Amino acid sequence: MPQAFYARCARAVAQSLLGKRLVRLIDGRRVAGIIVETEAYCDTDERDMACHGDRANNGRPTPRTAIMFGPAGYAYVYFTYGMHWMFNVVTGPTGKANAVLIRALEPVEGIEIMQRHRNGRSFHQLTNGPAKLAQALAIDQSLNGTNLCQPDGVIWIEDTPPIPPEKIRTGPRIGLGKTPEPWLSMPWRYWIDGNPFVSK
DNA sequence: ATGTTGATTGGCT
DNA sequence: GCCAATCAACATT
């Protein structure tokens, strides 16, 4: 997708990403899945206490969150719980910490490679969660700050026919812990209705 | 320098 | 449903 696709508010991008194809090149081979679940963190100008870029350091950039404050169309990859990687796409205007977390994929290409990275788990368990898809696609710190619009890159998102609006569901984001209201309950999680790879 | 916690997962009850 | 795993980032001292 072109940079202009990402340079919109996070909630618009999060919805538009549903149905698109996330492609990762591993040893020259395509490993890809359809995006079926996303979450928006920080819309263009609003506060969002669940967002790393808002919560840490009084909303100023830190070494970890600097990528989020940069231009749209780059990967924000971070490590959590001492063992998991999370893959986000940076959205919105430069200077604002906006991003969309990719929470689940429907596997479509390179399934054997995904299975190898996922320690032989079943097809259904390959990419039905944010840390699972990161592991399946071999996403780690080395991809933090990657330009997703780069012609010769190793990870990018391809266009597909849009999902009909009536197939898009929304609800509160997952795993926000002690994030205060109202952000805890804001319905900024999006998924494709009925898709079996949605995480919850 | 030290303490707390997390945008999760998988195993066990 | 409950909880351990495992550690970097961040807040506090």
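Naming: A, B, ... by sequence-line order, numbering from 1 per chain. All figures in this text were calculated on a predicted structure; none of them were measured in a lab.
If you take CE of A:Met83 and C1' of C:dA9, they are 16 Å apart, rounded to a whole angstrom. A:Asn128 has its CG atom 8 Å from the P atom of B:dT9, to the nearest Å. For A:Asn58 and C:dC10, the CG to P distance is 12 Å, given to the nearest whole Å. Separating the CZ atom of A:Phe79 from the C1' atom of C:dC10 is a distance of 16 Å, rounded to the nearest angstrom. Between the C1' atom of B:dG10 and the OH atom of A:Tyr81 lies a distance of 14 Å, rounded to the nearest Å. Rounded to a whole Å, the CD1 atom of A:Ile174 is 15 Å from the C1' atom of B:dG6.
Nucleotides C:dT6 and B:dT2 place their P atoms 23 Å apart, quoted to the nearest Å. One C1' atom belongs to C:dG1, the other to B:dA7, and the distance between them is 22 Å to the nearest Å.
Pairing of C:dA4, defined by two Watson-Crick or G-U wobble distances under 3.5 Å, is identified with B:dT9.
Here the side chain of A:Leu176 is nearest to one of C:dC10, B:dT9, B:dA7, namely B:dA7. Among B:dG10, B:dA7, B:dT8, the nucleotide with an atom closest to any side-chain atom of A:His84 is B:dT8. If you check B:dG10, C:dC10, B:dA7 against the side chain of A:Arg103, the one that comes closest is B:dA7. Checking B:dT5, B:dT9, C:dT6 against the side-chain heavy atoms of A:Pro130 singles out B:dT9 as nearest.
Among the atoms of the strands shown, only primed sugar atoms or phosphate atoms (P, OP1, OP2) are found under 4.0 Å from some heavy atom of A:Asn57. In this structure, A:Ala56 reaches the sugar-phosphate backbone alone: every heavy-atom distance under 4.0 Å involves primed, P, OP1 or OP2 atoms, never a base. Among the heavy atoms of the strands, none lies under 4.0 Å from A:Arg189. Residue A:Gly177 is out of contact with every strand shown, counting any heavy-atom pair closer than 4.0 Å. Using a 4.0 Å heavy-atom criterion, one finds that A:Arg64 contacts the sugar-phosphate atoms exclusively. Within 4.0 Å of A:Thr179, counting heavy atoms only, lies no atom of the nucleic acid at all. At a threshold of 4.0 angstrom between heavy atoms, the contacts of A:Met86 are confined to the sugar-phosphate backbone, with no base atom among them.
In this structure the side chain of A:Thr38 reaches within 4.5 angstrom of the side chain of A:Leu18, judged on heavy atoms. Within the 4.5 Å cutoff, the side chain of A:Ile155 has no heavy atoms near those of the A:Leu25 side chain. Between A:Pro61 and A:Met68, every side-chain heavy-atom pair lies at or beyond the 4.5 Å cut-off.
Between the side chain of A:His52 and the base of B:dA7, at least one donor-acceptor pair of N or O atoms lies under 3.5 Å.
For the pair A:Arg64 and A:Phe79, the cation does not sit on the ring face, since its NZ or CZ is not both under 6.0 Å from the ring centre and inside 45° of the axis.
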Practice task
Walk me through it: do A:Tyr76 and A:Tyr74 pass the test ring pair (Phe, Tyr, Trp, His ring centres under 6.0 Å)?
Solution key: CA-CA 7 Å; A:Tyr76 168 48; A:Tyr74 285 74; over 10 Å; no
